[in-house]
There are 2 protein chains.
Amino acid sequence: MAAEKTIKYSRQREAIVKFLEGRKDHPTAEFIYRHIREDYPNISLGTVYRNLSLLEELGQVIKISCGDGNDHFDPNVEPHYHFICRECGSVLDIEMDSIDFINTLAEKNFGGRIDGHKAYFYGVCHQCCEMEK
Amino acid sequence: MAAEKTIKYSRQREAIVKFLEGRKDHPTAEFIYRHIREDYPNISLGTVYRNLSLLEELGQVIKISCGDGNDHFDPNVEPHYHFICRECGSVLDIEMDSIDFINTLAEKNFGGRIDGHKAYFYGVCHQCCEMEK
DNA sequence: TTCAATATCAGTAATTGTTACTAATATTAT
DNA sequence: ATAATATTAGTAACAATTACTGATATTGAA
């Protein structure tokens, strides 16, 4: 039987969780690191990465790989969709009902089993739309 | 006026195009490199990367960033969807009609403009389903 | 309340995927 | 052919992430 590693409390991990709590801007590890450092000047970037992937395993955060080269992190683990602005690159939440029925559509002519999907929407965000005027 | 860089023929680029032609397995740059080297032992990985991004600019290939850490390349530039197997990590095509209407759904309660999307489906591929038995 | 076991840390080095640089080579229009 | 220049191989640089190490913090039990 695999010896389950017990998880000990750490201030650093708590700070990361607190920092992410309620955020909607899906920061990168680097961004989180820079801000946590204001309270914990000695925290290392490795600690941020290690804890983010631990929190991901624990199901407390979601990693968003939207293809811009950096992973982004989201404390909202409920299934939802993201938008990436072609202008400014910001990653925003999309408010829409679940579209799980596309799994069934996708499974129609497919040999295997489909149980999930990720969708990224692209365009120009509200803020950048305003700038165009 | 921007001096358009004219594009000269190169055997290496042709070899890459030929190698990708008709493939359905969405290889990575590294994979392409290893195989092209059988015919062109001196080709460098940089050349593969450079040509792949050139071909992408030319609209001859599509780069797939599915979040497994490696970019994959697809000679099929028609809009279509991909599946990623949770077991073996293979990236497969999904045969399904366009679901562009989800853009409209997504734009409903969204401030900005939405003009495209990417969707990745997850599950267990046919081959891995068989292995489970 | 010690104390031993060990998870976590900071700091740093290593890895990995990708891009940039450079002098030599290949292609193309003339 | 030749001149202009795009492309190359090879290598170095880069950025994001992960692994390593000895020191430190947390925890359950004595």
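Hydrogens, waters and symmetry mates play no part in the numbers below; they use all other heavy atoms, side chains included.
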Taking atom OG of B/S90 and atom CD of B/Q127, what is their separation to the nearest 0.5 Å? 7.5 Å

Results of side chain to side chain contact (heavy atoms under 4.5 Å, CB included) for A/A15 - residues two or more places apart only: A/I36, A/Y40

Of the options C/dA5, D/dA6, C/dC9, whose atoms approach the side-chain atoms of A/K8 most closely? C/dA5

Nearest whole Å is fine: how far is D/dT7 P from B/R11 CZ? 15 Å

Within the supplied structure, the quantity of interest is the number of heavy atoms (other residues, nucleotides, ligands) at a distance under 6.0 Å from A/E30 CD; does it exceed 12? yes

Which whole-number value in Å describes the distance from B/L52 CG to D/dT7 P? 14 Å

Rounded to whole angstrom units, what separation is found between the OH atom of A/Y9 and the P atom of C/dC9? 10 Å

Should side-chain heavy atoms under 4.5 Å link Ile, Leu, Val, Met, Phe, Trp and Tyr, which residues sit in the same cluster as A/L105? A/Y81, A/F83, A/L92, A/I94, A/M96, A/I99, A/F101, A/I102, A/F110, A/I114, A/F121, B/Y81, B/F83, B/L92, B/I94, B/M96, B/I99, B/F101, B/I102, B/L105, B/F110, B/I114, B/F121

How would you list all residue pairs meeting salt bridge (charged side-chain N to carboxylate O under 4.0 Å, His left out) that involve residues 72-81 of chain B, not counting sequence neighbours? none

Under 4.0 Å, heavy atoms only, any strand: does B/E30 hit a base, just the sugar-phosphate, or nothing? nothing

Please state how far atom CG in B/N51 lies from atom C1' in C/dA26, giving the value in whole angstrom units. 14 Å

Nearest-nucleotide comparison on DNA chain C, the residue closer to the 5′ end among A/Q12 and B/A29: A/Q12

Residues passing the side chain to side chain contact (heavy atoms under 4.5 Å, CB included) test with A/E87, sequence neighbours excluded, are A/C85, A/V124, A/C128, A/E132

Just to be sure I understand the geometry, which residues of residues 31-49 of chain A put a non-hydrogen atom under 4.0 Å away from DNA chain C? A/N42, A/I43, A/S44, A/T47

What's the CZ-C1' distance between B/R50 and C/dT25, to the nearest Å? 13 Å

How bent is the helix from C/dT1-D/dA30 to C/dT30-D/dA1, comparing axes over its five end pairs at each side, to the nearest 10°? 30°

If a pair satisfies salt bridge (charged side-chain N to carboxylate O under 4.0 Å, His left out) and one of its residues is in residues 114-130 of chain A, list it, with sequence neighbours excluded. A/D115-B/R86, A/E130-A/K133

Applied to residues 16-39 of chain B, the ring pair (Phe, Tyr, Trp, His ring centres under 6.0 Å) test, sequence neighbours excluded, yields B/F19-B/H35, B/H26-B/H82, B/F31-B/H35

If you group Ile, Leu, Val, Met, Phe, Trp and Tyr whenever their side-chain heavy atoms sit less than 4.5 Å apart, what else falls in with B/Y9? none

Qualifying side chain to side chain donor-acceptor pair (under 3.5 Å) pairs, either residue in residues 45-59 of chain B, two or more places apart: B/R13-B/N51, B/S44-B/T47, B/T47-B/R50

Which ILVMFWY residues can you reach from A/V91 by hopping between side chains whose heavy atoms are under 4.5 Å apart? A/I62, A/I64, A/V77, A/I84, A/Y120, A/Y122, B/I62, B/I64, B/V77, B/I84, B/V91, B/Y120, B/Y122

Among residues 53-76 of chain B, which residues get a heavy atom nearer than 4.0 Å to DNA chain C? B/G69, B/N70, B/D71

Figure out the CZ/P separation between B/R13 and D/dT7, and round it to whole Å. 5 Å

